Amino acid sequence: MAVTINTLREYKQKGEAFSVLTSYDATFAQLVSEAGVDVILIGDSLGMVLQGNDSTLPVTMDQMVYHTSCVAKGNRGALIMADMPFMTYGTVEAALENAAELMRAGAHLVKLEGTDWMKDTIHALSERGVPVCAHLGLTPQFVNKFGGYKVQGRDEKAAEMMIEHACELEAAGADVILLECVPAQLAARITQAVKAPVIGIGAGSATDGQVLVLHDMLGVTTGRKPRFVKNFLAETNSVQEALAAYVTAVRERTFPAEEHTFKA
Ligand code: KIV
Ligand code: NA
């Protein structure tokens, strides 16, 4: 049965962890979905892992639409989430138009990076039939504001602010929350505070789901390897086995381990 937004809610209710991976093409979308990964993310991380840029900022709508349509063709029943690239949701009107393009290309929900300023945008999308994932914490489109890729929400004031933002964005209509590079304890508090399923990356093991960039979990990433990454191909003999090992590790909550996690 195809995964829907309701499937993710059921996982949360039952306390069962679900898995998410990025894919950018039809072949990997098929392998990833056949391995039992619940959500495929067409991440704007493709700007880095496919295009070789040093940030996600250069990614365009046309590129996201192209990769989303490729993934949709290979997908076998996963929920398809597509990133809205940098500055394509700066106004409500732009967000509606651009989200519609991604939905037409085969996305089932879109992901936006930001805080309370996104309330009106999320509400407008949600009201018009576009489910939204709100990405908080280390939002890579803000790398120039953060002055680097840094763990977010480390002091109590910032932590409380993030909890407040997650609650406000859920109230505005966000169906899913994604937390990147936040202390595990904060991610656990946010996961408890909202009804929406929470996906984590570098956010500890208490979130409802886990996500990794495909290249990272296959160990083919060149350059700096973030703390939260695990190479699942290292202990297995094929890509298919590595994907299956990831799904199992997430379900059994053996990944992420302590060594992949940040403290406040
Ligand atoms: O673009 C991406 O791959 C992402 C994940 C790292 C969450 O946004
Ligand atoms: Na992204």
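Order of listing sets the numbers, starting from 1, for every ligand and every atom in it. Quantities reported herein were computed from a predicted structural model and do not represent experimental measurements.
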Donor-acceptor contact present, side-chain Thr139 to main-chain Leu136, <3.5 Å
no
Spell out, as yes or no, whether a donor-acceptor pair under 3.5 Å connects the side chain of Glu241 to the backbone of Asn237.
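Yes, because the side chain of Glu241 sits within donor-acceptor range (under 3.5 Å) of the backbone of Asn237.
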Before accepting this row, confirm whether a basic side-chain N of the pair Lys119/Glu168 lies closer than 4.0 Å to the acidic partner's carboxylate O.
yes
Does ligand 1 have an atom under 4.0 Å from some heavy atom of Glu113?
no
Could you check which N/O/S atom of Asp44 is closest to the Na ion (ligand 2)?
OD1
Which atoms of ligand 1 have any heavy atom of Thr22 under 4.0 Å away?
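What qualifies from ligand 1 is 3 (O).
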N/O of Glu180 under 3.5 Å from N/O of ligand 1, yes or no?
no
Tell me whether Tyr24 has any N or O atom under 3.5 angstrom from an N or O of ligand 1.
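No, no N or O pair falls under 3.5 Å.
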Protein heavy-atom partner closest to [atom] - residue, atom, separation in Å:
| atom | result |
| --- | --- |
| atom 5 (C) of ligand 1 | Leu41 CD2, 3.6 Å |
| atom 8 (O) of ligand 1 | Lys111 NZ, 2.8 Å |
| atom 6 (C) of ligand 1 | Ile201 CD1, 3.8 Å |
| atom 1 (O) of ligand 1 | Ser45 N, 3.0 Å |

Plane angle bin for Tyr24 and His215 - parallel if under 30°, tilted between 30 and 60°, otherwise perpendicular
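It falls in the tilted class, 30° to 60°.
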Mode of Asp44 contact toward ligand 1 - side chain, backbone, both, neither (heavy atoms, under 4.0 Å)
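Contact part for Asp44 vs ligand 1: both backbone and side chain.
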